[in-house]
Each structure stands twice: as C-alpha cells, then as structure tokens.
Amino acid sequence: MANSNFQSTILRWYADNGRSLPWRETRDPYAVWLSEVILQQTRIAQGTDYWHRFMRRWPTVELLATATEDEVLKEWQGLGYYSRARNLHAAARQIVANGGFPHTYENIRALKGVGDYTAAAIASIAFGLPHAAVDGNVYRVLSRYFGITTPINSTAGKKEFQQLADELLPRDKAAAWNQAMMDFGALQCMPQSPRCLLCPLQESCHALRNGKIEELPVKEKKLRRRERFFTYYLLQNNGLTAIHQRGPGDIWQGLWEPLLKEDPFPREEAEVRHILTHQTLYARMMAVGATDADLPEGYQWIDFADLADYALPRLVEKLLEKR
DNA sequence: GTCCGGTGCA
DNA sequence: TGCACCGGAC
C-alpha cells in the first residue's frame with residue numbers, strides 16, 4: 001500500500017522529533033483530558049503552565065469535582081474561552097457521578113466540552129483505542145500530502161478528512177500516530193513557511209510537487225455579507241418610466257433598473273431582502289409622479305409597458321411583482 | 001487591523 | 001449550517 005511509506009515516515013519522524021510534553025509522561029486519563037481541553041484553541045506555550053497549575057491544585061478528577069466553578073474559572077483566568085472551564089468542571093462532576101473516568105470513545109465523547117477531536121485524542125492516548133484525532137494540524141498535513149482541495153470547514157470536507165484519517169490510522173499505534181500527526185503539523189508542516197526543504201516526505205508530497213503548499217488546506221471563507229439599503233423610485237411620466245443601465249465596478253453590470261438611490265445608513269423598512277454572495281440588499285420601491293424635466297443624468301425614458309423587455313435584476317423584478 | 005481554532009447551540 | 005466564544009500571533 002502506497003500509504004505505508006507515509007505512515008512509517010511520520011512515525012519515524014515522530015520518534016526523532018516529537019515534543020516531550022509533561023502530559024505525555026502519563027496515561028492518566030484525567031491528565032490527558034485536562035491537557036486536551038486546555039489545548040483546544042490554545043498554544044502549547046501558553047497552555048503548559050495552566051496544565052501544571054491545575055494538576056498541582058487538583059491532581060485527580062475527584063478533587064476537581066469538589067472545587068467550585070468559581071475556583072476553576074479563577075484558575076482558568078487568562079486562557080480565554082471560559083466555557084471550556086465551566087464544561088471541564090461540569091464534566092468532572094459528571095465523571096465522579098458515573099463512578100470514574102469513562103473508557104470508551106462514546107462515553108468520553110458524551111462529556112461536556114468533549115467533541116469528536118478531543119474524544120479521539122483521549123481515547124487513543126489514554127486507552128490506546130483506535131480513533132483518529134483530526135485537528136487543524138491533521139487537516140493541513142493530509143490536505144497537502146494527498147492534495148485534497150475539499151474545504152476543511154465544509155461538511156463534505158470534515159467527512160472526507162475523518163474518513164481518510166481513519167483509513168491511515170495504524171490501529172495498534174493510535175496514541176503515537178495521533179500525536180505524531182499533530183506534532184508533524186505543528187513543527188514540520190506548519191501553516192506558514194513549512195519546512196519542506198527538510199521534510200522527509202518531500203518526494204511524495206502532492207502539494208510540494210505541484211507547488212500548492214501555499215494553497216492548501218482550502219478553507220471556505222466565511223463571508224461576512226455587507227448590508228446595503230436601496231430605494232428605487234419608479235418615475236411615472238404619462239406611461240413612461242426612467243431606467244438606466246448599470247455600469248462596471250458594482251453588482252449587476254449591464255442590467256437595467258429604475259432610478260436608484262442607495263441609502264448610506266441602515267434603514268428599517270424594506271419590502272424585499274435579497275441575498276447575494278457578498279452582500280445582503282434591503283430594498284423598497286416607491287412610485288413618483290414626474291415630468292420630462294425630472295429625467296436624471298444617465299437615465300432614459302421608456303414605455304412602462306416595455307420594462308419587461310429589459311434585463312432586470314431579480315431584486316427589481318421582485319419589487320415590481322409586489323406592486 | 002486579520003486570522004486562527006474545537007465545541008455548543010440556535 | 002453559522003456563529004459565539006477569547007487571546008495571541010502576525
């Protein structure tokens with residue numbers, strides 16, 4: 001199998017270059033769980049001190065369960081994402097109530113604050129269970145090495161990467177493998193300026209061979225839609241109305257529309273909401289009596305009845321339908 | 001200023 | 001399915 005080279009190279013690299021971290025010197029599920037929760041969204045450099053402090057103050061899950069939420073939050077202070085601390089505390093009580101730390105993936109996954117990634121990490125590291133932990137590092141390594149362009153934050157992408165990670169997982173070395181992949185992503189195949197020149201996988205890495213390192217992994221941009229507020233004035237001049245053709249540099253280039261005034265500030269009233277890829281338009285249309293002299297610059301009179309002959313934006317059609 | 005990231009929840 | 005949660009790196 002072509003992937004055995006990938007797997008053996010990663011494992012060898014890990015044996016030579018893996019980080020020695022305090023929570024890797026134990027298989028105590030409590031210590032592992034604590035490290036994984038602290039390291040969600042947090043860099044090792046920042047999280048390590050907190051892990052030591054928690055382990056010193058509450059060396060077991062039973063002791064953590066006796067703490068108050070306030071005490072846990074106080075100890076968490078400065079780490080951010082405080083729901084992690086609240087969930088950690090709640091889960092400690094959950095664990096004690098259940099008679100001890102869970103040792104199946106499903107039961108670990110059921111703990112508050114433990115999602116797919118964290119459950120797989122704990123299950124593999126503390127219990128040797130064959131579950132592939134897929135975090136940001138793993139997405140990056142897999143997308144680059146295998147040249148996968150499916151966006152990692154799409155539903156299809158998550159499924160595809162998890163499936164691939166499951167296939168690659170050496171079932172008898174889950175703990176080492178998961179940590180190897182994460183360390184490889186963090187130390188070798190990092191987001192910016194990865195160390196491809198020194199990479200043991202450079203011969204077979206799809207992204208490197210095809211010059212796609214900078215483009216992978218693909219992430220769907222969460223587009224923040226700009227809001228715009230349009231008022232259309234439907235001029236009425238003895239059966240004529242005024243329209244103009246939209247120019248370049250904005251939406252609907254080349255399409256026609258009645259007199260448009262864009263409001264610079266958010267407005268409450270809107271007849272129609274129209275969602276485009278990068279903007280949400282709130283629009284209304286008002287009929288206004290007019291004479292020949294009212295024709296605005298750039299507009300022209302047409303028979304109102306001919307309006308349908310012009311290419312109109314869907315938004316304008318919707319507004320006209322509402323009349 | 002922008003980007004990054006697991007989980008929980010609407 | 002999209003966003004809120006936070007602090008740090010750049």
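Lettering follows sequence order; numbering is per chain, from 1. Values below: every heavy atom of this structure, side chains too, minus hydrogens, waters and symmetry copies. The model shown is predicted, which means the values in this text are computed figures rather than measured ones.
- Residue-to-nucleotide proximity on DNA chain B shows that, of A:Lys112 and A:Thr42, the 5′-proximal contact is made by A:Thr42.
- As rounded to whole Å, 13 Å separates atom C1' of C:dC6 from atom CZ of A:Arg43.
- Here the side chain of A:Thr155 is nearest to one of B:dT7, C:dG8, C:dT1, namely C:dT1.
- If you check every strand for non-hydrogen atoms under 4.0 Å, A:Arg84 touches nothing.
- At a cut-off of 3.5 Å, with distance as the only test, no side-chain donor of A:His244 or A:Gln300 sits close to an acceptor on the other residue.
- Taken to the nearest 0.5 Å, the CD1 atom of A:Ile44 stands 6.5 Å off from the CG atom of A:Asp183.
- In this structure a side-chain-to-backbone donor-acceptor pair under 3.5 Å is present from A:Arg84 to A:Val37.
- Relative to the side chain of A:Gln40, the nucleotides B:dG5, B:dG6, C:dA9 differ in distance, and B:dG6 lies closest.
- At a cut-off of 3.5 angstrom, the base of B:dG5 holds at least one donor-acceptor pair with the side chain of A:Tyr81.
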**Q.** Criterion salt bridge (charged side-chain N to carboxylate O under 4.0 Å, His left out) on A:Glu106 and A:Arg109, from CA distance to verdict
**A.** CA-CA 5 Å; A:Glu106 288 71 24; A:Arg109 177 68 178 76; over 6 Å; no
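- Note that the OH atom of A:Tyr81 and the CD atom of A:Gln41 stand 5.5 Å from one another [nearest 0.5 Å].
- Between the CH2 atom of A:Trp33 and the P atom of B:dG6 there is a distance of 19 Å, given to the nearest Å.
- Pairs engaging residues 189-219 of chain A under the ring-ring contact (aromatic ring centres under 6.0 Å, His included) rule: none recorded [sequence neighbours left out].
- Closest to the side chain of A:Gln46, from the set C:dG7, B:dT7, B:dC4, is C:dG7.
- Using a 4.0 Å cut-off between charged nitrogen and carboxylate oxygen, A:Glu69 and A:Arg86 do not count as a salt-bridge pair.
- Here A:Val114 lies in heavy-atom contact (under 4.0 Å) with sugar-phosphate atoms only.
- Grouping Ile, Leu, Val, Met, Phe, Trp and Tyr by side-chain contacts under 4.5 Å, direct or through others, leaves A:Val96 on its own.
- Remark: C1' of C:dG7 and CD1 of A:Ile38 are 15 Å apart, rounded to the nearest angstrom.
- Near DNA chain B, meaning a heavy atom under 4.0 Å from it, residues 182-199 of chain A has no residue at all.
- The nearest heavy atom of DNA chain B to A:Leu111 and to A:Ile152 marks one nucleotide each, and the one closer to the 5' end goes with A:Ile152.
- One interatomic measurement links the two molecules: CG of A:Leu79 to C1' of B:dG6, which rounds to 14 Å at whole-angstrom precision.
- Closest approach to the A:Tyr82 side chain among C:dC6, B:dC4, B:dG8 is made by C:dC6 (side chain taken as heavy atoms from C-beta onward).
- Atom CD in A:Gln41 sits roughly 10 Å away from atom C1' in B:dC4 (whole-Å rounding).
- If you check every strand for non-hydrogen atoms under 4.0 Å, A:Lys158 touches nothing.
- Straight-line distance from the CD atom of A:Glu36 to the C1' atom of B:dG6: 11 Å, rounded to whole Å.
- Rounded to an integer number of Å, the gap from OH of A:Tyr139 to P of B:dC4 is 15 Å.
- When the P atom of B:dG8 is taken as reference, atom CG of A:Leu88 falls 12 Å away, rounded to whole Å.
- Under 4.0 angstrom from either OP1 or OP2 of B:dT7 there lies at least one side-chain N or O belonging to A:Thr118.
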